[in-house]
Q: 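My questions all concern the structure below.
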Amino acid sequence: MRSLTHAPVFRRKLHAWFRANGRDLPWRKTRDPYAVLVSELMLQQTQVSRVVDYYARFLDRFPTVHDVARARPAHVREAWAGLGYYARARNLHALARTVTDRGRAAGATFPRTAADLRELPGVGAYTAGAVASFAFEQRAALVDTNVARVLARVFAPRLDPKRARDQRTLWTIAEAILPRTGRATWTHNQSLMELGALICTARVARCAACPVRSVCASAPAAPVHRAPARPRRSPAAG
DNA sequence: AATGCGGGGAA
DNA sequence: TTCCCAGCATT
């Protein structure tokens, strides 16, 4: 992998860009672990644009994790109808019951660390990192398809983000470039995914609009601004 | 390491 | 058409 010398500059530029250009998505307004979990489960392999409405309707119908835990499986499934990957709805239901069962009657007890979140049904490495950093503002790394692509292009252009073996390296990079605090990690992880979603996309890397192109191993060198060329003869000419 | 799982949008 | 999308569980 390429050296991570540029990580501090990368972070600074990325975060500044995100604050100015990040989308105003509903799940970015909350730190409620239940709401964050719902959004993350819905977003697995599913585009943001299609999740927005389902997310609002689902929380309207099941405002708390207790409402899901109490519900009949068929009703949860019904709220999920059309989204696809229905195992996610079953997992959410099972997860809700787990979280409310072991808590006391009043409050649900969500695991707060990525390692503990990982034990919940339907929660893999990515979702565990997402809930840890987005709901609990923990200093946890996360690598989804966006982050894998961005990190590979910026820091390790020889890695193939789709290759399973290279993913391990990408997780190592993701952890290595994490900011110091959990609060900053929230912004950091959101920023990474947003860059992958808006600028550094799968089909086209919009390098001209990219805030981190100056430290990117894959971006073409910025076009040099220079005065009109003086007439010049090639060495061979004459 | 591969595969099944949904459905829709974009190139 | 193909590829891709805030992946995960199972084999």
Side-chain angles (χ1 to χ4, degrees), chain A residues 14 18 21-59 76-96 98 111 114-138 140-153 159-171 174 178 185-206:
Chain A
L14 178 64
F18 176 74
N21 300 284
R23 290 168 294 179
D24 192 17
L25 302 175
W27 43 87
R28 287 181 176 157
K29 304 180 197 301
T30 182
R31 298 295 184 272
D32 174 7
Y34 163 67
V36 170
L37 209 21
V38 169
S39 75
E40 293 302 339
L41 289 173
M42 287 187 169
L43 285 161
Q44 288 171 5
Q45 290 293 285
T46 308
Q47 275 143 345
V48 165
S49 58
R50 217 151 64 80
V51 166
V52 172
D53 290 338
Y54 279 91
Y55 175 77
R57 259 183 282 126
F58 194 94
L59 289 185
V76 178
R77 154 71 197 238
E78 185 183 329
W80 207 274
L83 253 191
Y85 284 147
Y86 298 100
R88 298 181 294 176
R90 293 195 300 274
N91 287 331
L92 175 55
H93 191 238
L95 177 161
T98 299
D116 290 341
L117 284 159
R118 182 69 183 74
E119 303 297 315
L120 297 171
V123 176
Y126 161 76
T127 304
V131 175
S133 64
F134 296 151
F136 299 112
E137 297 194 351
Q138 302 233 343
L142 97 215
V143 175
D144 73 328
T145 159
N146 285 314
V147 175
R149 187 176 56 250
V150 168
L151 294 184
R153 285 177 179 169
L159 297 185
D160 176 0
K162 289 187 290 296
R163 265 247 295 272
R165 194 172 56 78
D166 291 350
Q167 305 260 344
R168 277 181 27 81
T169 309
L170 291 167
W171 273 92
L178 238 34
T185 297
W186 187 97
T187 302
H188 178 77
N189 285 339
Q190 294 282 1
S191 305
L192 274 173
M193 291 197 293
E194 195 75 335
L195 190 74
L198 300 183
I199 303 290
C200 195
T201 58
R203 305 210 193 226
V204 196
R206 299 173 170 81

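Reminder, nothing fancy here: chain letters follow the sequence lines and each chain counts from 1. Computed over heavy atoms, backbone and side chain alike; hydrogens, waters and symmetry mates excluded.
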Q: Is there a side-chain polar atom (N or O) of A:R23 under 4.0 Å from OP1 or OP2 of C:dA6?
A: no
Q: Please state the P separation for the pair C:dA6 and B:dA11 - nearest whole angstrom.
A: 14 Å
Q: Hey, can you pull the residues of residues 141-151 of chain A with a non-hydrogen atom under 4.0 angstrom from DNA chain C?
A: A:D144, A:T145, A:N146, A:R149
Q: Indicate, with a heavy-atom threshold strictly under 4.0 Å, whether A:T127 touches base, sugar-phosphate, or nothing.
A: sugar-phosphate
Q: Can you build the contact string for nucleotides 4-11 of chain B? Use B for base contact, S for sugar-phosphate-only contact, and - for no protein heavy atom under 4.0 Å.
A: -BBBBBBS
Q: To the nearest Å, give me how far apart CG (A:L92) and P (C:dC8) are.
A: 14 Å
Q: Of all the heavy-atom pairs spanning A:L198 and A:N21, show the shortest one and how long it is.
A: CD1-O, 4.1 Å
Q: Contact class for A:W80 (heavy atom, under 4.0 Å): base, sugar-phosphate, or nothing?
A: nothing
Q: Are A:R165 and A:D160 close enough for a salt bridge, meaning some N to O gap below 4.0 Å?
A: no
Q: Is there a donor in the side chain of A:Y126 and an acceptor in the side chain of A:E40, or the other way round, less than 3.5 Å apart?
A: yes
Q: In whole Å, what separates the C1' atom of C:dC5 from that of B:dA1?
A: 22 Å
Q: Within the structure shown, what part of the strands sits under 4.0 Å from A:A125 by heavy-atom distance: base, sugar-phosphate, or nothing?
A: sugar-phosphate
Q: Just the rounded figure in Å: distance from P of C:dC8 to CD of A:E119.
A: 14 Å
Q: What is the separation between atom CD on A:Q167 and atom P on B:dA1, rounded to the nearest whole Å?
A: 11 Å
Q: If you assign each of A:Q190 and A:N91 to its closest nucleotide in DNA chain C, which residue comes earlier from the 5' end?
A: A:Q190
Q: Which pair of non-hydrogen atoms, one from A:N146 and one from A:A197, has the smallest distance, and what is that distance?
A: OD1-N, 3.6 Å
Q: Taking all non-hydrogen atoms of both residues into account, name the closest pair between A:P111 and A:D116 and its distance.
A: CB-CB, 3.5 Å
Q: Can you tell me how far P of C:dA6 sits from CG of A:L25, to the nearest Å?
A: 11 Å
Q: Identify every side-chain donor-acceptor pair in residues 49-56 of chain A under 3.5 Å, counting partners at least two apart or on other chains, and give the distances.
A:
{"residue": "A:R50", "atom": "NH1", "partner": "A:G82", "partner atom": "O", "Å": "3.3"}
{"residue": "A:Y54", "atom": "OH", "partner": "A:A81", "partner atom": "O", "Å": "3.1"}

Q: What's the separation between atom CZ in A:F134 and atom CG in A:L142, rounded to the nearest 0.5 Å?
A: 5.0 Å
Q: Round to a whole Å and report the spacing from CG of A:L195 to P of C:dC5.
A: 14 Å
Q: Grab the CZ-P distance between A:R163 and B:dA1 for me, whole Å please.
A: 9 Å
Q: Nearest-Å distance, NZ (A:K162) to P (B:dT3)?
A: 16 Å
Q: Distance check, P atoms only: C:dT11 and B:dG6, in whole angstrom units.
A: 16 Å
Q: Which heavy-atom pair separates A:A152 from A:L170 by the least distance, and what is that distance?
A: N-CD2, 3.8 Å
Q: Nearest 0.5 Å, please: how far is OG in A:S39 from OH in A:Y34?
A: 11.0 Å
Q: Could you tell me the separation between the CG atom of A:L170 and the P atom of C:dG7, rounded to a whole number of Å?
A: 14 Å
Q: A:Q190 and A:R28: side-chain donor and acceptor closer than 3.5 Å?
A: yes
